[in-house]
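Okay, so here's the structure we're looking at.
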Amino acid sequence: MDETAANIIARETALADFDHARDDFVDAMEQVPDEAIDYKPEGEDYTLGYMVPHVAGSISMYSTVLDMMRDAQYEEVRLAAMPDEVDQIKHRYEARLAVPLRAEARLQDLEELEELHDRMASRLRDLAHEDYGRPSAVFYPGAGEAYPTRASDIIGWLTDHYREHAKQVAELVEAWKQTRT
């Protein structure tokens, strides 16, 4: 098998894994009872209801990173130097933390997550194979050194993020149930 074919298979496998991780996360969120939506035990950063906006915010942020990498032609990218694009995403979701989330907002959040996910998957699928694996030197906020970042890294990070929070949601639902007994 030649290198191009191997890269196509690797990308399609990563995209399928990305989709499965999203499905697992959505399944976990669908198990959250309405009464548990505001549950946040000590030590947690988010309520169960804010897990979806949190994950969606990560997808939005990395979508911006991809745009910046492409616009810089895969040269150096400084996120701290471009606060508007990244900070708008961050502030949008942080603003939601100040407003009580009702269970009926979950459907809208899940629809938005689905749109962001599908858009990211489409963008990754449409990248030229050499761009999918091409690194950019990305300076993330607060970092003193560049972190080599590829589109292939980003899909892995987002897939892992889904999995981390799917597991966390299941654990929090179980913990919430224990508070009810």
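Heads up: numbering here begins at 1 and tracks the sequence. Quick caveat: nothing in here was measured; it's all calculated off a predicted structure.
Salt bridge status for Asp17 with Arg163: present, with a side-chain N to carboxylate O gap under 4.0 Å.
Residues Leu113 and Val55 come closest through the heavy atom pair CD1-CG1, 4.0 Å. When all heavy atoms of Leu66 and Met120 are compared, the closest pair comes out as CD1-SD, 3.5 Å. Across every non-hydrogen atom of Asp109 and Pro53, the tightest pair is OD2-CG, 3.6 Å. Of all the heavy atoms in His165 and Gln168, the pair that sits closest is ND1-OE1, 2.5 Å. Of all non-hydrogen atoms in Ala151 and Asp131, the two that sit nearest each other are CB-O, 4.5 Å. Across every non-hydrogen atom of Tyr132 and Arg150, the tightest pair is O-CB, 3.9 Å.
Met29 has its side chain within reach of Phe25: a pair of non-hydrogen atoms, C-beta onward, lies under 4.5 Å apart. Looking at Pro135 and Thr149, their side chains never come closer than 4.5 Å, going by heavy atoms from C-beta outward. Using a 4.5 Å heavy-atom threshold, the side chains of Asp45 and Tyr50 count as separate. Residues Arg78 and Met68 form no side-chain contact, since every pair of their non-hydrogen atoms from C-beta on lies 4.5 Å or further apart. For the pair Asn7 and Arg11, the minimum side-chain heavy-atom distance is 4.5 Å or more.
When only modelled atom types and interatomic distance are considered, His161 and Glu164 share no side-chain donor-acceptor pair under 3.5 Å.
Remark: Arg123 CZ to Ile154 CD1 distance equals 9.0 Å, nearest 0.5 Å. The CD atom of Glu76 lies 13.0 Å from the CE atom of Met69; values are rounded to the nearest 0.5 Å. Of the inter-residue distances, the one linking Gln73 atom CD with Ser136 atom OG reads 10.5 Å to the nearest 0.5 angstrom. Separation of atoms CD (Glu115) and CG (Leu110) is listed at 11.5 Å; rounding is to 0.5 Å. Note that OG of Ser152 and CG of Leu127 are 10.0 Å apart. Values are rounded to the nearest 0.5 Å. With rounding to the nearest 0.5 Å, the separation of OH in Tyr39 from CZ in Arg180 is 11.5 Å.
Atom CD of Glu35 sits in a crowded spot, with more than 12 heavy atoms from other residues, nucleotides or ligands closer than 6.0 Å. For CD of Glu3, the number of neighbouring non-hydrogen atoms (other residues, nucleotides, ligands) closer than 6.0 Å is 12 at most.
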Please determine whether side-chain contact (heavy atoms from CB on, under 4.5 Å) holds for the pair Leu79 and Val138, giving the CA-CA distance in whole Å, both sets of side-chain angles, and the decisive distance to 0.1 Å.
CA-CA 7 Å; Leu79 295 182; Val138 179; 4.1 Å; yes
For the pair Glu171 and Glu174, evaluate side-chain contact (heavy atoms from CB on, under 4.5 Å) and give the outcome as yes or no after the intermediate values.
CA-CA 5 Å; Glu171 290 169 353; Glu174 286 306 310; 5.8 Å; no
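Within the 3.5 Å criterion, the main-chain N or O of Asp118 finds no donor-acceptor partner in the side chain of Ser122. At distances below 3.5 Å, not a single donor-acceptor pair connects side-chain atoms of Ser63 with backbone N or O atoms of Ile59.
Ring planes of Trp157 and Tyr147: tilted class, angle from 30 to 60°.
Under the side chain to side chain contact (heavy atoms under 4.5 Å, CB included) test applied with Tyr162, the options His20, His117, Lys167 reduce to a single match, His117.
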